[in-house]
Number of protein chains: 2
Amino acid sequence: MNLPVPGKPVRGSKTGQPVMALLDLLGRNWSMGIIWHLYSGPSTFRKLQDYCESISPTTLNKRLKELRESHLIERTLEGYALTQDGKELYELIEPLGGWARNTWAKNFD
Amino acid sequence: MNLPVPGKPVRGSKTGQPVMALLDLLGRNWSMGIIWHLYSGPSTFRKLQDYCESISPTTLNKRLKELRESHLIERTLEGYALTQDGKELYELIEPLGGWARNTWAKNFD
DNA sequence: TAGTTTTGCTACTAAATATGTAGCAAAAAA
DNA sequence: TTTTTTGCTACATATTTAGTAGCAAAACTA
């Protein structure tokens, strides 16, 4: 599957509405997990592999490439890091953490 | 793959942190798209299929089952609909729409 | 009330994506 | 210079998704 880019057809939108491209990108295995982790600071390939526990290097590498092409992460001297846009995106999804813990998880008691 | 449930090991967290279970669930193909669509009102199976353009009935049915078991959607007389939790979740991810359009998409001009 | 249509699926095959393991070249550390 | 760490690639296997067909039940229509 191609990189989902605003303005081009993606899964869920033939006109390529930006939010659909974003949901397509974020909906790929590990995308959000990588962003979630990188918010706490830059990380190396191997550290990301450890963090993500079960990710394969093949998939990790693919996700990293996609996220770089999407301007959400970049390579720095300290390893992979969120871009300004990546940080903003994290801050948008950050509230999911509290909600999952305080509200959603109650359903499974 | 099993349904990601808070408290049980999921991809990204052996201890099953709720947010990791949630990211695992939402990270599956079409999960967020379905929630996004249902916020505008209840929908039938066939309408969801149309909306999601390229989703296969197999996958749609699987996602619907998962989201129901996760208490995010339910069946009503008018079809599939968001639960209270589902609506809250939508409201958390809703800001992604504006950000994708106004900020993220600029990278691709 | 006998068709016709719509709906919510299931079955099946093919394609795409992810995992798991091994390993290697380059850079950094000792 | 040797050892370790890092960032991958290759390849085989497993899992997930797409694509198409079709069917039983419910809802509409004549």
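Order of the sequence lines sets the chain letters (A, B, ...), proteins ahead of strands, with each chain counted from 1. Below, all heavy atoms of this structure are taken into account, side chains as well, without hydrogens, waters or symmetry copies.
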Handout entry: Axis bend over the full length of the helix from dT1(C)-dA30(D) to dA30(C)-dT1(D), computed from five pairs that close each end, to 10 degrees
Key =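 Taking five pairs per end, the axes differ by 30°.
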
Any base atoms under 4.0 Å from [X], or only sugar-phosphate, or nothing? Heavy atoms, all strands.
| X | value |
| --- | --- |
| Lys65(B) | sugar-phosphate |
| Thr44(A) | sugar-phosphate |
| Thr58(A) | base |
| Ser54(B) | sugar-phosphate |

Handout entry: NZ/NE/NH1/NH2 to OD/OE distance under 4.0 Å, Arg28(A) and Glu66(A)
Key =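 Glu66(A) and Arg28(A): salt-bridged.
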
Practice task
Round to the nearest Å and state the distance from Arg68(B) atom CZ to dC9(C) atom C1'.
Solution key: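 Rounding to the nearest Å, CZ of Arg68(B) and C1' of dC9(C) are 12 Å apart.
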
Problem - Rounded distance in Å - CG (Leu60(A)) to C1' (dT6(D)) - result: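 Answer to the nearest Å: 12 Å.
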
Practice task
Summarise how protein sits on nucleotides 25-30 of chain C as a single string, 5' to 3': B when a protein heavy atom is under 4.0 Å from the base, S for sugar-phosphate-only contact, - for no contact.
Solution key: ------

Considering only [options], which nucleotide approaches the side chain of [X] most closely?
| X | options | answer |
| --- | --- | --- |
| Arg75(B) | dG8(C), dA18(C), dG7(D) | dG8(C) |
| Ile55(A) | dT9(D), dT17(D), dT19(C) | dT19(C) |
| Pro57(B) | dT10(C), dA18(C), dA18(D) | dT10(C) |
| Tyr80(B) | dT9(D), dC9(C), dG19(D) | dC9(C) |
| Arg46(B) | dG8(C), dT17(C), dT19(C) | dG8(C) |

Practice task
Name the orientation class of the two ring planes belonging to Phe45(A) and Tyr80(A) (parallel below 30°, tilted from 30 to 60°, perpendicular beyond 60°).
Solution key: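 Tilted.
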
Problem - Phosphate-side-chain proximity, Asn61(A) and dT9(D), N/O vs OP1/OP2 below 4.0 Å - result: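 Yes, within the criterion.
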
